[in-house]
Amino acid sequence: MKISLEKDALCYRLGGDALTQIECLPTLGRMFLQTRNPGGGLGKWVESVAPLVVDGFNHAFDPDAGLGFSMSHLMAMHLVAGREALPEVPTLDFDFEGCPAGISLLEVPGISEPGAIAGFADFFGTLPVPSEDLEEWRRENSASTAMCPCCADAAEKRARNAELHPFANILEHASICGIPLRCRLQSEHVDLTAEMIPSKVVAVDGFLIVNDLDDRCVLHLNLRMVHAYRIDHAQVDGQKIARLSIYDMHGNLNFEISCEVEEIAAVWRSLSQTTDDYHQSDEPECGTQ
């Protein structure tokens, strides 16, 4: 079936097997790579996505893109003509068990090759899927993010006052001082690393959105899901670095933000103390559900 994104309002499920789909991804060329987990998202520009799949392993890896993802959790790929906020941007979604659309490749006009995603989908053949049906299927295959009442109250408090969260101080400091950060999104289905120098930090609907100085990448932190964090040091290739680890209420490590300037950890601790009491002093200790 020849896809015409300009006329169709449908989504399309790609045919073929997952391994062949993955092996053909380099043909797409330059794309914006967006990854997601329950704690938010991390995206960046890549010249191509070229994962390596090794026999006997359940993960695919693209060292150049800093990307890894689970083959065993990958359920399907879908072509979406455009999201509400980006109606003119064709998207190739990787739907994973527990996290549908955990990876997206966005074909941005003027930067990506026009028609690359539609041509990719046409090569494999497609099954039209009404967008309402796809949304329902994704809801059924999403992992639960249920919270106990006290965690839910604390989550809404963080969301209402996102600009007062310790992370806002830490990221604003990096923006003002031009400090390079290494951001890593982690989950069972995907792992992505991106380098950035924050240029702008804004609070929108409970998210902190951080744009890179050169618009190469963007970080979204869902403060509703930030139950705990830790500031410490780690050794990477023999070098001591500062590290901020971010956990959700189920104990999952969602993000790591690190800096090669090890002394910055002390600065982060100091910055977090200025607002930490506001967010945590009256939040009771509780179990997760």
Colleague: Report yes if some heavy atom in the side chain of I209 is under 4.5 Å from a heavy atom in the side chain of N211; otherwise report no.
Modeller: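 Counting from C-beta outward, I209 and N211 do come under 4.5 Å.
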Colleague: Determine, using the 4.5 Å side-chain heavy-atom cutoff (strictly less than), whether I241 and L185 are members of one ILVMFWY cluster.
Modeller: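 The answer is no; the residues belong to distinct hydrophobic clusters.
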Colleague: Counting only heavy atoms from other residues, nucleotides and ligands, does the tally under 6.0 Å from CZ of R182 exceed 12?
Modeller: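 Check fails, neighbour count at 12 or below.
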Colleague: Will you find, in the side chains of S104 and R36, an N or O donor that is under 3.5 Å from an N or O acceptor?
Modeller: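 Yes - a donor-acceptor pair under 3.5 Å links their side chains.
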Colleague: Distance check, rounded to the nearest 0.5 Å: S258 atom OG versus H233 atom NE2?
Modeller: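 It is 11.5 Å, given to the nearest 0.5 Å.
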Colleague: Under a 3.5 Å distance rule, please check whether S175 uses its side chain to pair with a backbone N or O of S199 as donor and acceptor.
Modeller: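 Side chain of S175 to backbone of S199: a pair is present.
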Colleague: Tell me, do L171 and L221 make a side-chain contact under 4.5 Å, heavy atoms counted?
Modeller: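 Counting from C-beta outward, L171 and L221 do come under 4.5 Å.
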Colleague: I'd like to know if the side chain of N252 and the backbone of D248 have a donor-acceptor N/O pair within less than 3.5 Å.
Modeller: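 No; judged by distance alone, with no hydrogens or angles, the pair does not exist.
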Colleague: Taking a hydrophobic cluster as the set of Ile, Leu, Val, Met, Phe, Trp and Tyr residues connected by side-chain heavy atoms closer than 4.5 Å, whether directly or through intermediates, do V46 and F61 fall within one such cluster?
Modeller: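 Shared cluster, no.
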Colleague: Can you measure from CZ (R269) to CG (L244) and round to the nearest 0.5 angstrom?
Modeller: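 Spacing of CZ (R269) from CG (L244) equals 11.0 Å.
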Colleague: So, the side chain of S270 versus the backbone of A266: is there a donor-acceptor pair under 3.5 Å, distance only?
Modeller: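 No, the answer is negative, given that no donor and acceptor are paired below the 3.5 Å cut-off.
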Colleague: Keeping the roles fixed (side chain from D212, backbone from I197), state whether a donor-acceptor pair exists under 3.5 Å.
Modeller: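 Yes: the side chain of D212 pairs with the backbone of I197.
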Colleague: Answer with yes or no whether the hydrophobic clustering places F57 together with L192; edges join I, L, V, M, F, W, Y residues whose side-chain heavy atoms lie under 4.5 Å apart.
Modeller: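 They do not share one cluster, since no chain of ILVMFWY contacts under 4.5 Å joins F57 to L192.
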Colleague: Taking L271's backbone N and O only, do any of them form a donor-acceptor pair with N169's side chain (distance below 3.5 Å, no angle check)?
Modeller: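 Yes.
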Colleague: Are C151 and H227 close enough that some pair of their side-chain heavy atoms sits under 4.5 Å apart?
Modeller: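 Yes; the side chains approach each other to less than 4.5 Å.
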Colleague: More than 12 foreign heavy atoms under 6.0 Å from CZ of F123: is that the case here?
Modeller: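 12 or below, so no.
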Colleague: Could you grab the distance from atom OG1 of T91 to atom CG of L79, nearest 0.5 Å is fine?
Modeller: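 T91 atom OG1 to L79 atom CG measures 8.0 Å (nearest 0.5 Å).
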Colleague: Kindly give the heavy-atom pair with the smallest separation between A162 and L208, and that separation in Å.
Modeller: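 Result for this residue pair: O-CD2, 3.8 Å.
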Colleague: Is the number of heavy atoms from other residues, nucleotides or ligands within 6.0 Å of CD (E188) greater than 12?
Modeller: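 No.
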Colleague: Counting distance only, does the side-chain N/O of N161 pair as donor-acceptor with the main-chain N or O of K157 below 3.5 Å?
Modeller: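 At least one qualifying donor-acceptor pair exists.
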Colleague: Among all residues two or more places apart in sequence or in another chain, which pass the side-chain hydrogen bond (donor to acceptor under 3.5 Å, both in side chains) test with H59?
Modeller: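 For H59 there are no side-chain hydrogen bond (donor to acceptor under 3.5 Å, both in side chains) partners, ignoring immediate neighbours.
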Colleague: Could you state the interatomic distance from CE (M77) to CD (Q21), rounded to the nearest 0.5 Å?
Modeller: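 If I round to the nearest 0.5 Å, the distance is 4.5 Å.
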Colleague: Check whether any side-chain heavy atom of I22 sits under 4.5 Å from a side-chain heavy atom of L74, and report yes or no.
Modeller: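 Touching, per the 4.5 Å side-chain cut-off.
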Colleague: Could you tell me which non-hydrogen atom of V190 sits nearest to which non-hydrogen atom of T35, and how far apart they are?
Modeller: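 Nearest pair, atom of V190 first, then T35: CG2-CG2, 3.8 Å.
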Colleague: So M225 and N37, do their side chains get closer than 4.5 Å, heavy atoms only?
Modeller: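 A side-chain contact under 4.5 Å is absent here.
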Colleague: Heavy atoms only: give me the nearest P51-F69 pair and the separation to one decimal.
Modeller: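 Scanning both residues completely, I find the closest heavy atoms to be CG-CE2, 3.9 Å.
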Colleague: Can you check whether F167's main-chain N or O pairs, donor with acceptor, with H165's side chain at less than 3.5 Å?
Modeller: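 It does hold such a pair.
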Colleague: Does V53 reach the side chain of E23, with side-chain heavy atoms less than 4.5 Å apart?
Modeller: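 The answer is no; the side chains never approach within 4.5 Å.
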Colleague: For P180 and C259, which heavy atoms make the closest approach, and how far apart are they?
Modeller: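 Shortest heavy-atom separation between P180 and C259 comes out as O-SG, 3.8 Å.
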Colleague: Would you confirm whether R158, through its side chain, and L223, through its main-chain N or O, come within 3.5 Å as a donor-acceptor pair?
Modeller: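 Yes; judged by distance alone, with no hydrogens or angles, the pair exists.
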Colleague: Using a strict 4.0 Å threshold on nitrogen-to-oxygen distance, state whether E136 and R139 make a salt bridge.
Modeller: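 So E136 pairs with R139 through a salt bridge.
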Colleague: Quick one: do V236 and R243 satisfy side chain to side chain contact (heavy atoms under 4.5 Å, CB included)? Show the steps, please.
Modeller: CA-CA 11 Å; V236 177; R243 180 177 61 181; over 6 Å; no
Colleague: Main chain of G115, side chain of E107: is a donor-acceptor contact present, judged purely on distance under 3.5 Å?
Modeller: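 Yes.
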Colleague: Are V89 and V218 co-members of a hydrophobic cluster defined by side-chain heavy atoms under 4.5 Å apart?
Modeller: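 As far as the 4.5 Å side-chain criterion goes, V89 and V218 are connected within one cluster.
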Colleague: Check whether any side-chain heavy atom of V210 lies under 4.5 Å from a side-chain heavy atom of L181, and answer yes or no.
Modeller: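 With C-beta onward as the side chain, the pair stays apart.
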Colleague: State which residues pass side-chain hydrogen bond (donor to acceptor under 3.5 Å, both in side chains) with E156; sequence neighbours excluded, sorted by chain then number.
Modeller: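 side-chain hydrogen bond (donor to acceptor under 3.5 Å, both in side chains) check on E156 returns R224.
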Colleague: Is it the case that more than 12 heavy atoms not belonging to E260 sit under 6.0 Å from its CD atom?
Modeller: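 Count not over threshold, so no.
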Colleague: Tell me whether F124 is reachable from L105 by hopping between hydrophobic residues (I, L, V, M, F, W, Y) whose side-chain heavy atoms are closer than 4.5 Å.
Modeller: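 Shared cluster, yes.
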Colleague: Other than L127, what residues sit in its cluster of Ile, Leu, Val, Met, Phe, Trp and Tyr side chains whose heavy atoms are under 4.5 Å apart, directly or through others?
Modeller: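 Via sub-4.5 Å side-chain contacts, L127 links to none.
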Colleague: Taking all heavy atoms of D62 and all of S48, pick out the closest pair and write down the distance.
Modeller: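 Closest pair (atom of D62, atom of S48, distance): OD2-O, 3.9 Å.
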Colleague: Just verifying a value: how many Å separate M31 CE and W45 CH2, rounded to the nearest 0.5 Å?
Modeller: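 CH2 of W45 is found 8.5 Å from CE of M31.
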Colleague: Mind telling me whether F96 and H189 have parallel, tilted or perpendicular rings, with 30° and 60° as the class edges?
Modeller: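 Rings of H189 and F96: tilted, as their planes differ by 30° to 60°.
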Colleague: Hey, are the side chains of L25 and F120 touching, using non-hydrogen atoms and a 4.5 Å cut-off?
Modeller: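 A side-chain contact under 4.5 Å exists here.
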Colleague: Out of curiosity, F255 CZ to L219 CG, how far, rounded to the nearest 0.5 Å?
Modeller: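 Those atoms lie 5.5 Å apart.
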Colleague: Which atom names give the shortest non-hydrogen contact between Q34 and G43, and what distance separates them?
Modeller: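 That would be OE1-CA, 3.9 Å.
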Colleague: Would you confirm whether S144, through its side chain, and A146, through its main-chain N or O, come within 3.5 Å as a donor-acceptor pair?
Modeller: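 Yes, S144 side chain to A146 backbone: donor-acceptor pair under 3.5 Å.
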